[in-house]
Structures are given as C-alpha cells and as structure tokens.
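Computed from a predicted model, the values in this text were never measured in an experiment.
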Amino acid sequence: MRVTQSAAIVAALSLVAMTAQAGTLEDVQARGELNCVVTTGLAGFAAPDENGRWEGFDATFCRAVAAAVLSDGEKVKFVPSTGKTRFTLLNSGEGDILFRNTTETMSRDADLKLTFLPVNYYDGQGFLARKDLGVTSASELDGASVCIQTGTTTELNLADFFRANNMGYEPVNIETNEEGIANYSANRCDVYTTDASGLASTRAALDDPSAHVILPEIISKEPLGGAVRHGDDQWADIGKWVVNAIIIAEELGVTSANIGELCGAAGNNPSINRLCGTEGDMGSMIGLDAQWAVRAISVGGNYAEIFDQHIGPDTPLALERGLNASWRDGGILYAAPIR
C-alpha cells in the first residue's frame, strides 16, 4: 500500500512539474500572440509611435521573444503598465513576460515570486533639474520638492538618500512618466528622479532639453531586465536565452546584416554555429527549434544594434554604452555561453 501511495505521489508531482514546464509556452503558441508587459510610454524604451506601433529598446526584446517562440516578431500584444500595476499584470497571467525598465531586487524575486532574466541594462537613479534652479549637485536639494513614481525602487532609494544625507524633501507622487513630465514641466516639483536612462528620455521630451540638467550623482544600483512568473522553468529559460543570444551575437560579430550569411551553413566557428543552430541541438533543450536564436536576433539585430538604434549617442536620448558596453570593450555586459 505504501509503495502504491508513493508511486501515486511521484506520478502526481511529475505531472505538476510537466504542466509547469510547458504552461506558458503552450499558452502563447496556442494563442498565437505574446502578451508583453511594458511601460505606459517611455521614449527610447517602449512607446507607441505616430502610427500606434510600439518601438524602443524594451519593445525590441518583446519582439525577439515572439520571434523565437512564434516565428514572427510582430505577434506581440503590448500591455502598458504603471510601476504599481506591472507585477499584478504579470502574475495574474494578463502578461506572459515583462520588459519594463524594471530593477531586480531580492524582495521582487522571493516575495513577489518573479524570475528575472539576465540584466539587459545597467542603470542607476539620478535627478533631473532645471538649470535656473541653480543646483549642481544632489547634495544641494535639501527642502526640494521631488516628482517620484510610486510603487518603484526609486521611491525607496529617494528616502534612503535624503535620510543618509540629513536632508528633507517634499514628495510629489506620480503614477506614470507622462504624469511626471507634466508635473515637472508645470513647476509642481523642483526636480524629477528616476533611473538615469529614464531621465534622458524625459529630458529629450521636454520643450527645451538644453534648459535642464541631469545632476552628476547616481544614488543607487539599478540592474534592469525582463521577468516572468515563478514556477515555469522552461519559459524562464526561453526568456533568459533569448536575451543571452542577443548579447552573444554582439560578442561574435553577428549582426542583422550578416546573420543570413553566417547562419546559412555551419562554418569554422563552433560558437557561431551553436548560436545559429547549425551545430548541436540547443533549441530542443528549451522546447524550440534550431533557428530560435536566428529569428530573435533578426528582429532588431545584436545588442549593440538595438542600443544604438533606440537609445544610443545618435538618438535624442544620446546615451553612451558605459557599463553596458560588452565585457570585451571595458563594460560589464556579459552573457553565459550557448554550449
């Protein structure tokens, strides 16, 4: 009797594990569309253009995942979210994956039950101020009113920074970046604080960007990346390796322009062959075919191409690679190998 009960328990646990593994991938493929949680609109990262098409750094990662699992990077439903609603949308199942300038933290992992994907942007929190405010350092902000998005690590970092520096401030709570721009532009707050990349996006959206300055201090670490729900290891693996493949492509010199040639047949570089699916059987390990990475990279190119197109030096955001340069070029962007 005990043996029978034990066998039944093992079988039940195995069924649960198999269901968890296959769940989200099967749901997405059956639906024929990837529901990707993004911001309500952050220029350069994820925002609808004049035709309503979502574009940006994060939006491209959404499309890369869709290309890997659905063979079409256009089969994405973008699910806008605020700092407060993003995790609810993901955990409720309204979103399959999240790419929304979101910081990985211990509490979000362990308490909110999120599995984070590899970091795709290393950031830090800063301050945006009008030049006519006359401040050149965050240490001069005692008594300032500060526009701050609620439900974010930014809110907590702000309190820590002012407390540690024996300063006071008046919070002006906002829900979205659009609301933040409106309040800051209307002088309802002295400064606006969020991730430095977000500040660059905000400044670029102002009527006269040159009248505003991003103060030099970075007051936190903000490792930004995608996330999925706990409990579906296969789906987490798919998200993880799509991000890694895009980073690895830059390391190997694989671009949107040459991927067809390099991946047309197996060559002399085993690392490129494995990325292309012409050597080994990597795709089946995550429930996909051999060409998953080729499709993901073809959507927007490698990491450098995505960065340069949406947020790089020649865009309105004018962000330098900095920490987000490849480890080969002095940065800390580094992906686990496909092998």
Quick one: do Ile238 and Ile97 satisfy side-chain contact (heavy atoms from CB on, under 4.5 Å)? Show the steps, please. CA-CA 11 Å; Ile238 289 170; Ile97 195 167; over 6 Å; no
Expected output: side-chain [X] to main-chain [Y] donor-acceptor under 3.5 Å:
X      : Y      : value
Glu305 : Ser256 : yes
Arg100 : Arg86  : no
Asn302 : Val254 : yes
Gln291 : Cys276 : yes
His230 : Asp109 : yes
Asp123 : Ser197 : yes
Asp329 : Ser326 : no
Arg63  : Val76  : no
Arg203 : Pro209 : no
Trp235 : Asp96  : yes

May I ask you to say whether Asp289 pairs ionically with Arg295, meaning some side-chain N is under 4.0 Å from a carboxylate O? yes
With a 4.0 Å cut-off, would you call Glu104 and Lys221 a salt bridge? no
If you apply the rule side-chain contact (heavy atoms from CB on, under 4.5 Å), what do you find for Glu251 with Trp327, and how did you get there? CA-CA 9 Å; Glu251 297 174 358; Trp327 63 281; 3.0 Å; yes
What's the shortest heavy-atom distance between [X] and [Y], and which atoms?
X      : Y      : answer
Asn120 : Phe57  : O-CZ, 3.2 Å
Leu117 : Ala236 : CD2-O, 3.7 Å
Trp241 : Pro337 : CH2-O, 3.4 Å
Ser81  : Leu89  : CB-CD1, 3.5 Å
Glu155 : Asn173 : OE2-OD1, 4.5 Å
Ile174 : Gly180 : CD1-CA, 3.2 Å

[X] vs [Y] side-chain heavy atoms within contact, under 4.5 Å:
X      : Y      : value
Glu74  : Arg53  : yes
Cys62  : Val38  : yes
Asp142 : Asn166 : no
Arg229 : Thr115 : no
Cys189 : Tyr169 : no

If you group Ile, Leu, Val, Met, Phe, Trp and Tyr by side-chain heavy-atom gaps below 4.5 Å, do [X] and [Y] land in one group?
X      : Y      : value
Val213 : Leu199 : no
Ile248 : Ile259 : yes
Ile332 : Ile246 : yes
Val37  : Phe45  : no
Val243 : Met282 : yes

With Leu275 as reference, evaluate Asn244, Val294, Ile297 under the side-chain contact (heavy atoms from CB on, under 4.5 Å) test and give the passing residue.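 Single pass found, and it is Ile297.
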Roughly how far, to the nearest 0.5 Å, is the [atom2] atom of [Y] from the [atom1] atom of [X]?
X      : Y      : atom1 : atom2 : result
Phe127 : Thr194 : CZ    : OG1   : 10.5 Å
Gln309 : Glu55  : CD    : CD    : 7.0 Å
Asn35  : Phe78  : CG    : CZ    : 10.5 Å
Leu25  : Leu34  : CG    : CG    : 10.5 Å
Asp237 : Asp233 : CG    : CG    : 6.5 Å
Glu222 : Thr102 : CD    : OG1   : 10.5 Å

Ring center gap for His212 and Tyr184 short of 6.0 angstrom: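 Yes, close enough.
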Below 6.0 angstrom between ring centroids: does that apply to Phe61 and Tyr121?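 Centroid distance Phe61-Tyr121: not below 6.0 Å, so no.
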side-chain contact (heavy atoms from CB on, under 4.5 Å) evaluation trace for Thr315 with His310: CA-CA 7 Å; Thr315 70; His310 297 292; 5.8 Å; no
Step by step, would you call Asn101 with Thr39 a side chain to side chain donor-acceptor pair (under 3.5 Å)? CA-CA 8 Å; Asn101 55 300; Thr39 179; 4.7 Å; no
State which residue, out of Thr103, Thr193, Thr152, fulfils the side chain to side chain donor-acceptor pair (under 3.5 Å) condition with Gln125. Thr193
Side-chain H-bond candidate by donor/acceptor type, [X] with [Y], under 3.5 Å:
X      : Y      : result
Ser145 : Asp190 : yes
Asp207 : Ser185 : no
Thr40  : Glu178 : yes

Pair Leu141-Val191, side-chain contact (heavy atoms from CB on, under 4.5 Å): steps then yes or no: CA-CA 9 Å; Leu141 294 177; Val191 295; 3.8 Å; yes
A cation-pi test, strictly: NZ or CZ of Arg108 under 6.0 Å from the centre of the six-membered ring of Phe116 and no more than 45 degrees from its axis. Yes or no? no
Counting only heavy atoms from other residues, nucleotides and ligands, does the tally under 6.0 Å from CZ of Arg31 exceed 12?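 Correct, the count exceeds 12.
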